[in-house]
Amino acid sequence: MASLAFTTTPSPQFPPFKPKKSHKFIPTHLTKLQEDAKSHQVLYKSYFHRISSLCKEGQVQEAVNLLAEMELKNLKVGPQIYGELLQGCVYQRALFTGRQIHAHIVKHGNFFTENEYIESKLVIFYAKCDVLEVSNCLFRRLLVQNVFSWAAIIGMHCRMGFSEEALLGFVEMQRNGFLPDNFVVPNALKACGALGWIGLAKGVHGYVVKMGFGECVFVASSLVDMYGKCGILEDARKVFDGMLERNVVAWNSMIVSYVQNGMSEEAVEVFYDMRVEGIEPTRVTVSSFLSASANIGALEEGKQGHAIAVLGGLELDNILGTSIINFYFKVGLIDDAELVFSRMLEKDVVTWNLLISGYAQFGQVDKALNICQLMRSENLRFDAVTLASLLSASADIRNMKLGKEGHCYCIRNNLESDVVVVSNIVDMYVKCDRIDYARQVFNSSVKRDIILWNTMLAAYAELGQSGEALKLFYQMQLEGVPPNAISWNSVILGFLRSGQVNEATDMFLQLHSLGVQPDWIPWTTLISGLAQNGFQDEAILVFQQMQEAGITPNTTSLFSALSACTDKAALHYVKAIHGYVTRHNIWLSIPIATSLLDMYAKCGITDQENCAFDMILSKESIMQ
DNA sequence: ATAGGGTTAG
């Protein structure tokens with residue numbers, strides 16, 4: 001055993017915790033050997049002291065260098081020193097230095113490999129440095145497990161995204177008789193959240209209550225985050241409200257939970273509550289608040305967020321930077337987005353992609369392409385997101401040459417296995433009037449998600465190739481992809497475009513009988529399709545049915561209804577729609593205004609005509 | 001005599 005080995009070696013009697021001034025008490029009748037031992041001890045203590053303080057100052061490598069000196073002076077290094085050194089490496093995540101120490105232990109202190117303290121320290125060290133294989137292996141060979149080694153192993157699996165393994169460990173440690181403490185529980189909750197395992201998570205919550213960990217901010221914040229990740233916002237809020245003490249992470253978890261569940265207004269509110277409480281926001285706070293502001297288009301709030309980041313001296317890292325840029329793009333302030341981009345010191349692929357897709361969405365394809373070139377000159381590679389933006393930009397400007405270049409890049413760089421990229425390639429060829437190319441790409445794709453199916457389906461529908469559309473519609477179901485409202489809409493549109501009105505109406509009724517409540521899109525498709533096929537009365541009837549079904553008309557559906565009003569007989573409908581538009585203060589789009597004017601002109605009604613015309617003028621002047 | 005923990009963009 002290790003302890004036996006210590007007593008037989010002369011010098012490394014481990015220094016007591018409070019060093020005594022031992023030299024004062026050396027009796028004069030000590031033998032030469034005993035005196036040597038004493039002076040060794042003094043020397044050893046001084047080395048221990050130096051090593052320990054170097055480790056605490058973060059200079060582990062310097063501390064390790066002292067080991068060689070000790071060897072020269074014939075001092076044997078004890079487990080306490082190795083413990084200090086390894087701890088220093090844990091703080092610094094100094095993998096290289098830690099390996100050196102491990103080697104030292106194996107070489108110079110073979111009995112220490114059976115010292116449980118050093119062994120678990122090694123497990124913790126490798127776990128902290130995310131060296132999965134080594135720490136797992138050492139852990140399995142541990143003679144004595146304890147809560148610390150279990151916590152390190154579980155934490156490592158959690159960090160590296162192996163949530164199942166982390167939870168398996170959490171269960172096994174309890175089977176082995178170790179009670180999880182408030183340090184392990186957050187990791188278990190994080191794993192539950194990542195997997196959405198709400199059943200187990202609730203069990204852990206119960207355990208937290210039973211053990212009285214609920215007071216611990218770390219545990220409570222993890223509960224908030226876990227419930228947020230599982231989409232149970234009421235419980236997240238309940239835990240949050242029940243917290244006696246909330247640090248900034250607790251607030252952040254609540255804000256993030258709301259943002260991730262599409263409840264941006266609530267997120268903004270929590271942010272303001274946090275400000276009232278005087279809690280200083282971090283980068284996490286501000287970037288989450290900015291996504292919330294971007295989601296709801298809250299211009300002033302988002303600008304305030306940016307100001308808070310600047311005033312608070314928050315470092316403009318990739319995440320905060322992209323959040324700010326994303327916000328400015330979402331509210332249309334491209335110049336501000338550019339300014340922030342230029343101030344960022346480090347940019348990763350995500351940052352560049354954001355800029356590219358931002359420009360592409362605002363139709364500034366030239367700028368998007370310029371950014372691509374700059375990105376290449378910084379030696380960054382395009383990824384699937386870059387290509388998706390590029391392809392969709394090529395589609396928007398109907399530039400097939402550019403689109404083909406993008407397609408080729410995808411082939412060369414193995415990006416065509418990405419479903420998003422493939423959908424964009426297909427859509428690009430469709431928009432460039434080469435449905436045959438699109439179909440080829442579609443056929444050779446390996447994985448097909450609902451979006452890819454719908455892209456191809458919509459292409460045939462637009463062209464009125466209802467047969468092909470219907471074939472795809474059945475094929476996707478055979479391949480296990482259930483159609484959604486958009487797929488149904490395409491089939492209906494395909495029939496309408498090819499003049500098969502009965503089939504279209506039939507499909508629409510089938511959609512109803514499936515218990516799916518169609519949104520305004522299929523309704524509008526049917527209305528304008530009926531009108532285009534000469535079934536004006538039916539179209540108006542469907543428009544009325546849509547409102548009876550509880551769907552509020554929007555600009556597009558109003559236009560489709562107006563398109564059904566082609567002769568004087570429908571004048572009262574036109575007037576009704578006109579009145580509706582005015583009462584509900586709906587933005588008078590150019591197509592709607594034009595239809596109104598057209599109809600009034602046909603019927604020789606100049607008063608109404610003038611009225612509609614005035615509306616356009618006033619709306620347009622407001623817009624400018 | 002002794003070690004450790006939660007949140008973030010597309």
Side-chain angles (χ1 to χ4, degrees), chain A residues 14-18 52 78-80 82-84 86-91 115-125 127-128 146-156 158-159 180-194 213 216-226 228-229 236 239-240 246-257 259-260 267 281-292 294-295 314 317-327 329-330 344 347-358 361 383-386 388-389 420:
Chain A
F14 302 114
F17 197 58
K18 281 180 190 165
S52 161
Q80 268 201 332
Y82 284 125
E84 289 288 318
L86 284 172
Q87 189 53 42
C89 294
V90 168
Y91 287 140
N115 178 309
E116 56 180 77
Y117 173 55
I118 293 297
E119 281 192 330
S120 32
K121 270 284 187 194
L122 279 170
V123 170
I124 293 166
F125 161 70
K128 281 279 153 186
N146 58 25
V147 188
F148 297 106
S149 45
W150 269 113
I153 288 291
I154 293 170
M156 170 184 65
C158 215
R159 268 198 309 284
D181 59 10
N182 54 332
F183 287 80
V184 194
V185 166
N187 277 321
L189 288 170
K190 189 182 173 180
C192 288
F213 294 158
C216 172
V217 267
F218 292 94
V219 172
S221 311
S222 306
L223 279 169
V224 172
D225 175 61
M226 179 276 294
K229 292 264 157 40
V239 174
F240 180 76
R246 298 186 193 111
N247 62 8
V248 66
V249 180
W251 286 95
N252 289 351
S253 301
M254 195 65 242
I255 295 173
V256 168
S257 292
V259 175
Q260 286 179 344
T282 63
R283 295 202 303 272
V284 180
T285 323
V286 176
S287 61
S288 311
F289 174 68
L290 282 166
S291 344
N295 289 343
L314 298 179
D317 69 348
N318 263 321
I319 295 172
L320 181 57
T322 45
S323 308
I324 301 174
I325 295 174
N326 178 53
F327 163 74
F329 268 125
K330 287 269 163 65
M344 287 176 68
K347 298 154 187 156
D348 66 357
V349 189
V350 182
T351 324
W352 290 94
N353 283 347
L354 181 60
L355 209 66
I356 293 166
S357 74
Q361 272 160 32
D383 69 355
V385 180
T386 326
S389 297
V420 181

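Values below: every heavy atom of this structure, side chains too, minus hydrogens, waters and symmetry copies. Labels below follow one simple rule: chain letters A, B, ... track the order of the sequence lines, proteins then strands, and each chain is numbered from 1.
Contact annotation for A:Leu354: no contact, since no heavy-atom pair falls under 4.0 Å across all strands. Counting non-hydrogen atoms under 4.0 angstrom, A:Ser221 reaches a base of the nucleic acid. Counting any heavy atom pair closer than 4.0 Å across all strands shown, A:Val256 reaches sugar-phosphate atoms only and no base atom. If you check every strand for non-hydrogen atoms under 4.0 Å, A:Gln260 touches sugar and phosphate atoms only. Residue contacts for A:Ala220: at a heavy-atom cut-off of 4.0 Å it reaches no nucleic acid atom on any strand shown.
Residue A:Val350 places its side chain closer to B:dA9 than to any other of B:dA3, B:dA9, B:dG6. In this structure, of B:dT2, B:dA9, B:dT7, it is B:dA9 that holds the atom nearest to the side chain of A:Ser291. Distances from the side chain of A:Asp348 to the nucleotides B:dA9, B:dG4, B:dG6 place B:dA9 closest. Nearest nucleotide to the side chain of A:Ser287, out of B:dT8, B:dT2, B:dG6: B:dT8. The side chain of A:Ser222 has B:dG6 as its nearest neighbour among B:dG6, B:dT8, B:dG4. For A:Val147, the listed nucleotide lying nearest its side chain is B:dG4; candidates were B:dG6, B:dG10, B:dG4. Relative to the side chain of A:Gln87, the nucleotides B:dG4, B:dT8, B:dG6 differ in distance, and B:dG4 lies closest. Counting only heavy atoms from C-beta on, A:Asn353 has its side chain closest to B:dG10 among B:dG10, B:dG4, B:dG6. In this structure, of B:dT7, B:dA9, B:dA3, it is B:dA3 that holds the atom nearest to the side chain of A:Asn146. For A:Ser120, the listed nucleotide lying nearest its side chain is B:dA3; candidates were B:dT8, B:dG4, B:dA3.
For A:Asn115 and B:dT2, the CG to P distance is 15 Å, given to the nearest whole Å. Spacing between atom CH2 of A:Trp352 and atom P of B:dA9 amounts to 22 Å, rounded to whole angstrom units. If you measure from atom CG of A:Asn182 to atom C1' of B:dA3, you get 14 Å, rounded to the nearest angstrom. Straight-line distance from the CG atom of A:Asn247 to the P atom of B:dT8: 14 Å, rounded to whole Å. Atom C1' of nucleotide B:dG10 and atom CZ of A:Phe327 are separated by 17 Å, given to the nearest angstrom. Rounding to whole angstrom units, CG of residue A:Leu223 and C1' of B:dG6 are separated by 10 Å. The separation between A:Phe240 atom CZ and B:dG6 atom P is 19 Å, rounded to whole Å. Atom C1' of nucleotide B:dA3 and atom CZ of A:Phe125 are separated by 14 Å, given to the nearest angstrom.
Side-chain contact check for A:Asn247 versus A:Ser221: some heavy-atom pair is nearer than 4.5 Å. Put simply, the side chain of A:Val350 does not reach to within 4.5 Å of the side chain of A:Asn318, judged on heavy atoms. Counting only heavy atoms from C-beta outward, the side chains of A:Val249 and A:Val217 never approach each other to under 4.5 Å.
To the nearest 0.5 Å, atoms CG (A:Asp225) and CD (A:Gln260) are separated by 7.5 Å.
For B:dA3, the base is stacked against the aromatic ring of A:Phe148, per a cut-off of 5.5 Å between centres and 30° between planes.
Proximity of A:Tyr91 to the phosphate of B:dA3: no side-chain N or O atom is located under 4.0 Å from OP1 or OP2. The shortest distance between the side-chain N/O atoms of A:Lys347 and the OP1/OP2 oxygens of B:dG10 is not below 4.0 Å. Applying the 4.0 Å criterion to OP1 and OP2 of B:dT2, one finds that A:Lys121 has every side-chain N and O outside that range.
With hydrogens and angles ignored, a donor-acceptor pair under 3.5 angstrom links the side chain of A:Asp181 to the base of B:dG4. Residue side chain A:Ser323 does not reach the base of B:dA9 through any donor-acceptor N/O pair under 3.5 Å, judged by distance alone. Residue side chain A:Asn318 does not reach the base of B:dG10 through any donor-acceptor N/O pair under 3.5 Å, judged by distance alone.
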Practice problem: Decide yes or no on side-chain hydrogen bond (donor to acceptor under 3.5 Å, both in side chains) for A:Thr285 and A:Thr282, but give the supporting numbers first. | Solution: CA-CA 5 Å; A:Thr285 323; A:Thr282 63; 3.1 Å; yes

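Legend: residues meeting ring-ring contact (aromatic ring centres under 6.0 Å, His included) with A:Tyr117, ordered by chain and number and at least two apart, are absent.
Among A:Asp348, A:Thr322, A:Thr386, the one residue that satisfies the side-chain contact (heavy atoms from CB on, under 4.5 Å) test with A:Asn353 is A:Thr386.
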